[in-house]
Amino acid sequence: MSVDPAKCTACRLSANRQQVVLPDGPISGLLAVGEAPGRQEDAQGVGFVGIAGRNLDRVMAACGVQRDGYARTNIVRCRPPDNRKPRSDEVAACAHWLDQVLRDWQPRVILAVGQSAAERLTPPWSGSYLDHVEQLLAGQIPMPRYQGIPVVPMPHTSPLAWNRRRPDGSAIRDLGKRAVERAVRLAQPT
Ligand code: URA
Ligand code: SF4
């Protein structure tokens, strides 16, 4: 008997959610993977519809991809209480759902939106996450793969992260834009 994904109770996040936020968007091409649903996602049952989602939509659109041109999901599908970070046992409990989507949808590129998604989908790195993203975009380290699919990590688009500057003064969103540009380019059919 397979579990209905909309009724999963495999981890404690099921206790406080209003609904499971299932993946949405076109099958194939580019799949954005975020951390977890927030308040608006939990209320509407759709991923990336809050401020972080609008920031992502905007930077995608600037790269020529509208909301109906990319797909979205998260490493956990239920909203953590008070938007706390998902715990490792919750991420582990939800892992098979994400793996199944990757097998079924076979995206050409995964865009890991934020450090939590990158930790789930790429090997560990040393130093700061944003420096790591910079090194990947500069080609100093090869782009990681997950289930054979290239993963492009980017800064999280929540306003707290997105609107800040890095210690060298550069805007975090500029790094994010470069990551999205790379992901969009890699996702083009060849
Ligand atoms: N909305 C989501 O669905 N995921 C995030 O990571 C952020 C906002
Ligand atoms: Fe199931 Fe994932 Fe929701 Fe946990 S977060 S209850 S594993 S769907």
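We count ligands from 1, going down the list as the structure has it; atoms in each ligand are counted the same way.
- In this structure, the side chains of W97 and N74 stay at 4.5 Å or more apart for every pair of heavy atoms.
- Although no hydrogens or angles enter the test, the distance criterion places a donor-acceptor pair under 3.5 Å between the side chain of R120 and the main chain of A95.
- Per-residue contacts place G47 under 4.0 angstrom from the following atoms of ligand 1 (heavy atoms of the residue considered): 3 (O).
- The protein heavy atom nearest to atom 1 (Fe) of ligand 2 is C8 SG, 2.3 Å.
- Counting atoms of ligand 2 from 1 in the listed order, those under 4.0 Å from a heavy atom of C94 are 2 (Fe), 5 (S), 7 (S), 8 (S).
- Summary of contacts: the protein heavy atom closest to atom 3 (Fe) of ligand 2 is C78 SG, 2.3 Å.
- Interface atoms of ligand 1 facing G34, defined by a heavy-atom separation under 4.0 Å, are 6 (O).
- At the shortest separation from atom 4 (N) of ligand 1 among protein heavy atoms lies N74 OD1, 2.7 Å.
- When side chains are defined from C-beta on, P150 does not count as touching R108, because their heavy atoms never get closer than 4.5 Å.
- At a threshold of 4.5 Å between non-hydrogen side-chain atoms, the residues P144 and L136 count as touching.
- At distances below 3.5 Å, not a single donor-acceptor pair connects side-chain atoms of D82 with backbone N or O atoms of R84.
- When atom types are taken as modelled, the side chain of D42 and the backbone of Q18 share a donor-acceptor pair closer than 3.5 angstrom.
- Listed by number with element, the atoms of ligand 1 under 4.0 Å from a non-hydrogen atom of H156 are 5 (C), 6 (O), 7 (C).
- When non-hydrogen atoms are compared, ligand 1 lies under 4.0 Å from neither the backbone nor the side chain of R72.
- Side chains of R103 and Q147 form a contact here, defined as non-hydrogen atoms less than 4.5 Å apart.
- Atom CZ of R54 has more than 12 heavy atoms from other residues, nucleotides or ligands within 6.0 Å.
- For atom 4 (Fe) of ligand 2, the nearest non-hydrogen atom of the protein is C11 SG, 2.4 Å.
- The side chain to side chain contact (heavy atoms under 4.5 Å, CB included) with M154 is formed by just one residue from the set L175, L56, L130, L137; it is L56.
- The atoms of ligand 2 that sit less than 4.0 Å from any heavy atom of R17 are 3 (Fe), 6 (S).
- Looking at atom 1 (N) of ligand 1, its nearest protein heavy atom turns out to be E41 OE2, 3.0 Å.
- Between A36 and ligand 1, an N or O atom pair is found at a separation short of 3.5 Å.
- Considering backbone and side-chain atoms together, G38 places no N or O closer than 3.5 Å to any N or O of ligand 1.
- Residue contacts with ligand 2 for E90 are absent, since no atom lies close enough (heavy atoms, distance under 4.0 Å).
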